[in-house]
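Lettering follows sequence order; numbering is per chain, from 1.
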Amino acid sequence: MSKQSKHIIIGGAAGQGLVTVGQLLCKALVRAGYEVLVTQHYMSRVRGGHNTFNIRTGAQPVTGPADACDILVALNQETVTLHKEEMAGKGFVILDTALNAEGLPALKVPFDKLAPKAIFQNVAALGVLCSVLGVDKEYAEELLRESFGKKGEDVVQQNRQVLDDACAWAQEQQALCDVLPAVPRREPRMLINGNEAIAFGALAAGVKFCSFYPMTPATTVAQNLILHGRKLGVIVEQVEDEIAALNMALGASYAGAPTLVPTSGGGFALMTEAVSLAGVMEQPVVIVVAQRPGPATGLPTRTEQADLNLVLYSGHGEFPRAIFAPCTLEDCFHLTHKAFDITEKYQSPVFVLTDQDLSDRLMGVPPFDLSSLPPVAGPDLTDDNAAGYKRYAFTENGLSPRRIPGYGRSLVLADCHEHTEDGHITEDMGIRTAMNDKRFAKELGILSEVVPPRRFGAEQPDRILLCWGSTEGAARETADILNAQGQKVAVLSFPQVWPLKPDQFLPFLASAKEVVAVEGNKLGQFARLLRQETGFVVHRTVLRYDGRPFTPDFILAKLSE
Amino acid sequence: MIDISVYGDYKTSWCPGCGNHDVLAALKQALAEMDLAPHQVAHVSGIGQAAKAPHYITINGFNGLHGRGLPPAQAIKLVNPELTVIAESGDGCNYGEGGNHFLAAIRRNVDMTLLAHDNQVYGLTKGQASPTTAEGQITKSQPDGVTNAPFNPIAVAVAMRANFVARAFSGNKPHLIKMIQAAIRHPGFAMVDIFSPCVSFNKVNTFGWYKQRCYELDANYDPTDWNAAMEKANEFGDRIPIGVIWKTDRKPLNERFAVCKHGPLGRQPVDLKALDAIMHSYI
Ligand SMILES: Cc1ncc(C[n+]2csc(CCOP(=O)(O)OP(=O)(O)O)c2C)c(N)n1
Ligand code: SF4
């Protein structure tokens with residue numbers, strides 16, 4: 001599937017507008033009916049440095065990032081120097097006449113002539129790219145109208161002129177060597193990233209409260225809730241620290257609001273005390289942990305999958321939890337939605353564990369179908385027998401009706417200590433044991449709703465690539481490449497990493513000659529978890545922890561070592 | 001007036017003679033006189049002796065973590081503006097472990113009340129210095145005397161122009177009741193720092209010590225005069241003023257959120273049509 005896809009890298013310093021060009025191009029591509037998948041690499045600085053916006057596009061679906069580059073758009077010299085290797089003997093660089101192509105095949109664009117002012121360079125670059133790729137100019141024109149319409153017809157006209165000139169210039173160069181295959185017109189698709197999909201999933205589930213402390217790459221989840229929360233009645237509060245964020249969220253949850261807290265590893269480390277509080281209080285809350293490399297501040301804007309253990313074991317004491325690990329944008333939406341249902345139903349903290357790669361991954365996806373979503377559980381809104389109401393009543397399945405203070409005469413006492421059925425502190429041994437068992441009884445329910453791992457590739461594989469979360473895409477493409485070479489490779493991918501239900505996957509794993517864990521960390525955390533839970537030992541690992549996302553090339557190279 | 005018995009009568013684990021008993025009684029009396037039924041109030045606390053209060057009163061309760069009473073309390077009010085929200089805890093909890101939240105709560109200004117039991121010591125953990133213990137005071141953990149300068153919660157709150165700042169003493173119950181009620185009535189973040197003697201671990205700031213020093217501000221005192229308030233906030237020695245030290249009327253946060261006008265957030269419907277329109281704007 002990757003054969004027909006093109007990989008365009010737009011590179012330059014932060015602040016040079018590469019994201020603007022990239023996003024406009026992606027939108028034009030998506031509207032024209034192409035698939036896109038964007039991986040963003042950026043440095044922890046607002047100006048300067050070296051950033052890239054990597055677009056894979058084609059007529060066929062693309063599942064993950066790639067290395068080899070077909071078109072390098074270099075906004076500065078450094079981009080040429082740094083990415084020469086990735087051109088892999090084919091492809092060419094698009095750059096300003098003033099820059100040096102360093103021996104690569106090049107399309108030198110006289111940006112100073114095409115763009116009367118520097119601010120028009122983005123549009124000129126868009127025009128050149130559309131021509132080169134064979135994307136109908138009408139899509140770009142439409143985008144300019146949408147972007148600049150508010151500024152008046154004059155501005156739109158000026159931009160159109162630049163676009164026309166750039167397209168005409170590019171055509172004269174006969175640089176149409178890289179045109180994409182034609183695609184049929186398709187249903188409209190949104191151009192969104194993982195964090196936007198998570199925010200939509202939360203909004204669809206009825207999120208009403210979000211408290212957060214900014215931390216890349218999770219911040220944009222809150223940012224999107226702020227953007228749309230006004231219309232949808234969501235309170236989003238930026239608070240003093242992550243400790244406050246989760247404690248506040250638990251207060252909001254207690255008061256009846258479906259609640260989400262987004263953070264990254266460093267912020268989550270601070271929250272762990274309150275994770276434990278959610279556990280003992282049985283207070284629903286959805287926590288989105290967008291991973292980036294640690295320890296500590298690590299590589300603040302890069303990607304990694306090394307916080308599985310942190311999330312799995314966060315919080316002192318023992319209590320049940322669920323951890324979803326979205327693999328795709330659709331997962332970001334649907335699993336976040338499901339997370340709200342599970343946390344509400346089982347009154348335990350539920351995690352959505354993503355990473356920078358997926359957070360920033362832009363793709364064209366159809367609008368999510370809101371009418372077909374399953375219902376989301378909610379609190380007990382009855383007020384029957386208010387005098388006899390007990391927040392932590394013992395029940396067979398461990399689920400005590402959760403009522404909301406102020407919604408009736410029932411009084412709700414939520415407590416951080418070990419407590420009696422009515423929420424009062426107790427040190428009674430018998431109650432302690434029974435209450436702990438009650439909390440863990442809920443795990444059976446959580447288990448009954450586990451999202452099973454997904455299989456791709458060969459039916460009866462010799463080799464299985466085992467992965468979780470954002471790695472699925474690269475693993476799938478790797479399997480496709482190997483299968484096209486006549487091997488029998490499958491992918492087993494986990495969109496939920498806790499709790500595990502061995503009967504869902506163990507027989508399949510045991511059927512292959514070789515199981516390779518592909519994970520974005522140094523320890524093979526998921527492989528270790530699997531071993532601990534099932535006794536199954538993977539045969540090999542392919543691990544990446546240089547801050548970059550998995551690509552098929554990386555996996556293939558490691559497999560052939 | 002509500003019959004005070006609705007708030008229950010519990011056996012506590014507090015020492016006989018502890019100031020906390022009087023604060024609890026005053027709170028019940030204040031609520032009863034204000035006709036606040038148990039289901040209309042949410043009581044939030046952290047950890048410590050004072051923080052056990054939600055277990056000794058029949059109202060909605062959220063007994064959270066040490067130092068972390070204020071964040072959930074504020075969220076509860078934002079999510080359900082119909083509730084009267086009261087956070088109650090010790091000086092260690094509110095000004096030590098929760099110091100950052102205390103400062104943020106003043107700035108955020110959610111309509112709620114903080115009752116801080118200020119016994120100038122850690123009670124539950126058996127007598128270590130708290131942020132309000134006097135410099136030089138000898139404790140089990142500070143055998144050579146406390147070396148840190150004491151935190152002055154009133155001065156900090158006045159300096160930050162908190163919406164309502166009062167001081168009270170558990171030994172003057174009628175006055176304390178008045179202060180609790182004034183704080184609850186005042187919109188925005190209202191705090192009452194309450195001297196509540198720890199008879200077991202603080203041998204300096206005893207009932208008699210407070211009784212001798214605390215005097216009620218008279219009717220001529222103007223709590224909207226910031227300079228005067230700063231002066232009163234710093235009066236701490238042989239004479240200590242109790243009463244409303246400072247008040248102002250910055251608009252509470254919950255009144256700034258449009259959604260809060262439509263009642264409890266959790267009761268508001270989910271507008272999937274609007275969400276669908278939003279998603280389509282990404283096409
Ligand atoms: C995170 C955390 N750290 C420490 C403790 C132990 N601890 C319990 S109460 C307390 C101090 C309480 O002092 P204060 O808030 O002044 O309340 P008092 O007991 O005097 O009423 C401490 C340190 C704890 N429970 N949690
Ligand atoms: S130890 Fe002090 S604060 Fe705690 S109950 Fe006894 S007297 Fe009160």
Self-check item: Contacting region of A:Val239 [heavy-atom separation from chain B under 4.5 Å]
Solution: both
Quiz item: Which one of B:Val259, B:Ile59, B:Leu103, B:Ile278 has the most heavy-atom pairs closer than 4.5 Å to chain A?
Solution: B:Ile278
Self-check item: Residue, of A:Gly423, A:Pro405, A:Gly406, A:Ala257, that accumulates the most heavy atom pairs under 4.5 Å with chain B
Solution: A:Pro405
Exercise. Identify which part of A:Leu227 has an atom lying under 4.5 Å from any heavy atom of chain B, answering side chain, backbone, both or neither.
Key: side chain
Exercise. Return the minimal non-hydrogen interatomic distance between A:Ala252 and B:Ala75, and the atom names on each side.
Key: N-CB, 3.5 Å
Only pairs under 3.5 Å, no angle test: what donor-acceptor pairs are there between chain B and chain A?
| from | atom 1 | to | atom 2 | distance (Å) |
| --- | --- | --- | --- | --- |
| B:His55 | ND1 | A:His424 | ND1 | 3.2 |
| B:His55 | NE2 | A:Asp415 | OD1 | 3.4 |
| B:Asn60 | OD1 | A:Val412 | N | 2.8 |
| B:Gly61 | N | A:Tyr254 | OH | 3.1 |
| B:Gly61 | N | A:Val412 | O | 2.9 |
| B:Gly61 | O | A:Tyr254 | OH | 3.1 |
| B:Gly61 | O | A:Ala414 | N | 2.8 |
| B:Asn63 | N | A:Ala414 | O | 2.9 |
| B:Asn63 | O | A:Cys416 | N | 3.0 |
| B:Asn63 | OD1 | A:His417 | ND1 | 3.4 |
| B:Arg68 | NE | A:Glu273 | OE1 | 3.3 |
| B:Asn100 | ND2 | A:Asp241 | OD2 | 2.9 |
| B:His101 | ND1 | A:Glu240 | OE2 | 2.9 |
| B:Arg108 | NE | A:Glu237 | OE2 | 2.8 |
| B:Arg108 | NH1 | A:Glu240 | OE1 | 3.4 |
| B:Arg108 | NH2 | A:Glu240 | OE1 | 2.7 |
| B:Arg267 | N | A:Tyr407 | OH | 3.4 |
| B:Arg267 | NH2 | A:Tyr407 | O | 3.4 |
| B:Pro269 | O | A:Lys208 | NZ | 3.3 |
| B:Tyr282 | O | A:Lys27 | NZ | 3.4 |
| B:Tyr282 | O | A:Leu191 | N | 3.0 |
| B:Tyr282 | OH | A:His228 | NE2 | 2.9 |
| B:Ile283 | O | A:Arg31 | NH2 | 2.9 |

Exercise. Answer with side chain, backbone, both or neither: which region of A:Val412 has an atom nearer than 4.5 Å to a non-hydrogen atom of chain B?
Key: both
Self-check item: Beyond-backbone contact of A:Cys416 with B:Ile47, side-chain heavy atoms, under 4.5 angstrom
Solution: yes
Quiz item: Given a strict heavy-atom distance threshold of 4.5 Å, which part of B:Phe257 is in contact with chain A: side chain, backbone, both, or neither?
Solution: side chain
Quiz item: Of all of B:Gly61, B:Gly98, B:Gly266, which one pairs up most often with chain A through heavy atoms under 4.5 Å apart?
Solution: B:Gly61
Practice problem: For A:Leu232 and B:Val270, run side-chain contact (heavy atoms from CB on, under 4.5 Å): C-alpha distance rounded to whole Å, both residues' side-chain angles, the deciding distance at 0.1 Å, then the answer. | Solution: CA-CA 7 Å; A:Leu232 293 167; B:Val270 185; over 6 Å; no
Quiz prompt | Set of ring-ring contact (aromatic ring centres under 6.0 Å, His included) partners for A:Phe209, sequence neighbours left out | solution = none
Practice problem: Would you sort out whether B:Leu272 and A:Leu373 count as a side-chain contact (heavy atoms from CB on, under 4.5 Å), showing the intermediate values? | Solution: CA-CA 11 Å; B:Leu272 288 184; A:Leu373 289 173; 5.5 Å; no
Quiz item: For A:Gly251 and B:Ile76, which heavy atoms make the closest approach, and how far apart are they?
Solution: O-CG1, 3.3 Å
Quiz item: Listed by chain and number, what are the side-chain contact (heavy atoms from CB on, under 4.5 Å) partners of B:Val6, not counting sequence neighbours?
Solution: B:Ile2, B:Pro38
Self-check item: Residue among A:Gly233, A:Ala205, A:Gly229, A:Pro366 with most heavy-atom pairs under 4.5 Å to chain B
Solution: A:Gly233
Quiz item: Under 4.5 Å between any side-chain heavy atoms of A:Ile235 and B:Val79, yes or no?
Solution: no
Quiz item: With chain B, which of A:Ile243, A:Leu250, A:Leu203 has the greatest number of heavy-atom pairs at distances under 4.5 Å?
Solution: A:Ile243
Quiz item: With sequence neighbours excluded, what pairs up with B:Asp193 under the salt bridge (Lys or Arg N to Asp or Glu O under 4.0 Å) test?
Solution: B:Arg167
